[in-house]
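Please read the structure below before turning to the comments.
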Number of protein chains: 2
Amino acid sequence: MAETITRSPRTRGLRTRPSAAEDRPPKRAEVSRQQILDVAASLFRARGYTETSLRDIGAQVGMKAGSLYYHFASKEELAADVLRIGVERVHEAVASAVAALGPGAPMKARIEAAISAHLETLLVESDYTSAHIRCFPYVPPSLKAQLSQARRDYEAIWRRLLDEAAAAKALAPGIDAEVARLAILGALNWSLEWFDPVRGRPEELIRTLVAAFTR
Amino acid sequence: MAETITRSPRTRGLRTRPSAAEDRPPKRAEVSRQQILDVAASLFRARGYTETSLRDIGAQVGMKAGSLYYHFASKEELAADVLRIGVERVHEAVASAVAALGPGAPMKARIEAAISAHLETLLVESDYTSAHIRCFPYVPPSLKAQLSQARRDYEAIWRRLLDEAAAAKALAPGIDAEVARLAILGALNWSLEWFDPVRGRPEELIRTLVAAFTR
DNA sequence: GTCTATAGCAAGATAGAC
DNA sequence: GTCTATCTTGCTATAGAC
């Protein structure tokens with residue numbers, strides 16, 4: 001579950017590994033900043049926003065709580081970065097997965113790719129994304145407002161995908177595109193509450209949702 | 001969303017209204033206790049467990065925080081009562097709704113009744129149930145342990161229902177009963193995060209889930 | 001950049017008056 | 001039963017040394 005964001009000027013498309021050799025050797029402050037973000041994402045995911053203190057984060061980074069303020073202006077700003085990265089990452093993962101199928105791919109395959117990418121990012125790839133999903137509802141309103149645009153951007157992918165699917169008669173009969181979107185994402189996001197990475201098999205949920213909602 | 005539990009010796013089956021005339025005029029302490037539980041359920045639902053202080057609860061009841069300790073030993077015990085009532089209530093609602101169909105009812109109708117009862121209880125009927133769903137993941141481990149049996153009891157209903165459905169070939173093709181259970185309950189529980197009681201129509205989600213998972 | 005030290009505040013909880 | 005008053009603890013955040 002450990003992950004480090006090595007963000008070069010701009011991370012675009014999918015990069016297979018967070019690669020060791022980036023443009024420039026990162027400055028020390030940047031390393032600390034990334035460590036803090038990584039630890040914060042992990043703790044926000046595991047415990048929640050309010051339940052995670054800056055002392056907790058500092059302790060895992062190997063730093064006193066006060067030192068975090070050299071890198072972030074407040075807990076809220078730290079959380080804003082974590083949660084923003086979380087949406088961006090799942091957004092990129094889903095967009096890339098669907099795009100990788102090429103323009104002529106059947107709707108069922110596109111939906112399966114989107115479901116798979118969302119779930120994989122949420123459960124396995126990114127503590128940032130899971131932190132976003134688990135914490136967003138409990139975060140202060142000012143933070144919600146900051147994130148709303150990025151969230152809408154991500155939602156738009158799904159809306160378009162399912163509208164296309166509905167138009168192509170690729171959804172199971174009697175299923176509305178918008179309600180399907182909410183149901184699918186609900187089933188996926190809620191898996192955070194029950195999925196056991198040891199015994200679990202994300203593929204089963206993917207297969208079941210595809211079987212249920214597409215034809 | 002306001003609700004008061006008027007629990008006579010035992011609440012069994014479904015009672016249409018929480019009826020004004022109960023067995024005995026309730027004592028004053030009982031009235032306060034119920035008010036506290038109602039307010040706590042409402043705030044836990046709206047804000048979350050950690051985000052709700054005893055001062056908040058007291059203020060809405062018209063009482064100082066310290067006075068709550070006459071009725072409850074701790075915040076955790078208060079939350080334990082709220083969350084336990086929450087599962088019990090959705091358990092009763094689903095069990096009654098399915099039972100009301102009679103023994104010969106088709107599986108599709110039984111599943112629809114269960115989905116409908118769960119969703120109605122969660123979104124409309126009971127702040128206790130929605131408080132449970134929203135707070136459980138963030139509550140202290142000792143509280144989780146206290147609730148685990150009641151949760152398993154409720155889960156068992158769904159497991160049985162979907163196993164029966166699978167045996168009767170009433171599930172859509174390619175769908176496993178256990179995964180369907182997790183997907184359906186995930187989609188339902190997550191609706192707390194997006195459902196708007198003003199413009200919303202729970203029926204659409206019910207219809208979509210039935211269409212997706214049954215045949 | 002990170003530390004120590006601490007300000008300032010809000011939380012859960014308790015004691016005793018009424 | 002509820003209040004006032006307060007204890008203790010833990011939090012976010014700041015100031016200044018190093």
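Chain A is the first sequence line, chain B the second, and so forth, proteins listed ahead of strands; every chain is numbered from 1. Atom set for the values below is all heavy atoms of this structure, side chains included, hydrogens, waters and symmetry mates excluded.
- Listed by first and then second residue, the ring-ring contact (aromatic ring centres under 6.0 Å, His included) pairs involving residues 51-93 of chain A are A:H91-A:Y154 (not counting sequence neighbours).
- Counted within 6.0 Å of CZ on B:R160, heavy atoms from surrounding residues, nucleotides or ligands total 12 or fewer; the atom is thus considered open.
- Of all the residues in residues 47-57 of chain B, B:T52, B:S53, B:L54, B:R55 reach under 4.0 Å from DNA chain C with at least one non-hydrogen atom.
- Of all nucleotides in DNA chain C having an atom under 4.0 Å from a heavy atom of chain B, the first and last in 5' to 3' order are C:dA11 to C:dT14.
- Checked by atom type, the side-chain pair A:D153/A:Q149 shows a donor-acceptor distance below 3.5 Å.
- For A:F195, there are no ring pair (Phe, Tyr, Trp, His ring centres under 6.0 Å) partners two or more places apart in sequence or in a different chain.
- Each of B:Y138, B:F44, B:F136 was scored for a ring pair (Phe, Tyr, Trp, His ring centres under 6.0 Å) with B:Y49, with one residue passing: B:F44.
- Annotation: proximity of residues 134-146 of chain B to DNA chain D (heavy atom, distance under 4.0 Å) is found for no residue.
- Side-chain atoms of B:Y128 never come within 3.5 Å of backbone atoms of B:S42 as a donor-acceptor pair (strictly under, hydrogens ignored).
- Applying the side chain to side chain contact (heavy atoms under 4.5 Å, CB included) rule to A:K64 yields the partners A:S67; only residues at least two apart in sequence or on another chain are considered.
- For B:S142, the side chain to side chain contact (heavy atoms under 4.5 Å, CB included) criterion is met by B:E76, B:P140, not counting sequence neighbours.
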Would you tabulate the side-chain donor-acceptor contacts of residues 179-188 of chain B under 3.5 Å, counting partners in other chains and residues two or more places apart, or write 'none'?
{"unit_1": "B:R181", "atom_1": "NE", "unit_2": "B:E178", "atom_2": "OE1", "d": "3.1"}
{"unit_1": "B:R181", "atom_1": "NH2", "unit_2": "B:E178", "atom_2": "OE2", "d": "2.7"}

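- For DNA chain D, the stems formed by at least three consecutive Watson-Crick or G-U pairs, with both atom-pair distances below 3.5 Å, span C:1-18 with D:1-18.
- Legend: residues meeting side chain to side chain contact (heavy atoms under 4.5 Å, CB included) with B:E203, ordered by chain and number and at least two apart, are B:R201.
- Side-chain atoms of B:S116 do not come within 3.5 Å of backbone N or O of B:E112 as any donor-acceptor pair.
- At distances below 3.5 Å, not a single donor-acceptor pair connects side-chain atoms of A:D81 with backbone N or O atoms of A:L78.
- Checking side-chain atoms of A:E77 against main-chain N and O of A:A73 turns up a donor-acceptor pair under 3.5 Å.
- Applying the side chain to side chain contact (heavy atoms under 4.5 Å, CB included) criterion to A:S130, with sequence neighbours excluded, gives A:R45, A:L122, A:D127, A:L192.
- Looking at residues 60-75 of chain B, you'll see B:G66, B:Y69, B:S74, B:K75 sit with a heavy atom under 4.0 Å from some atom of DNA chain C.
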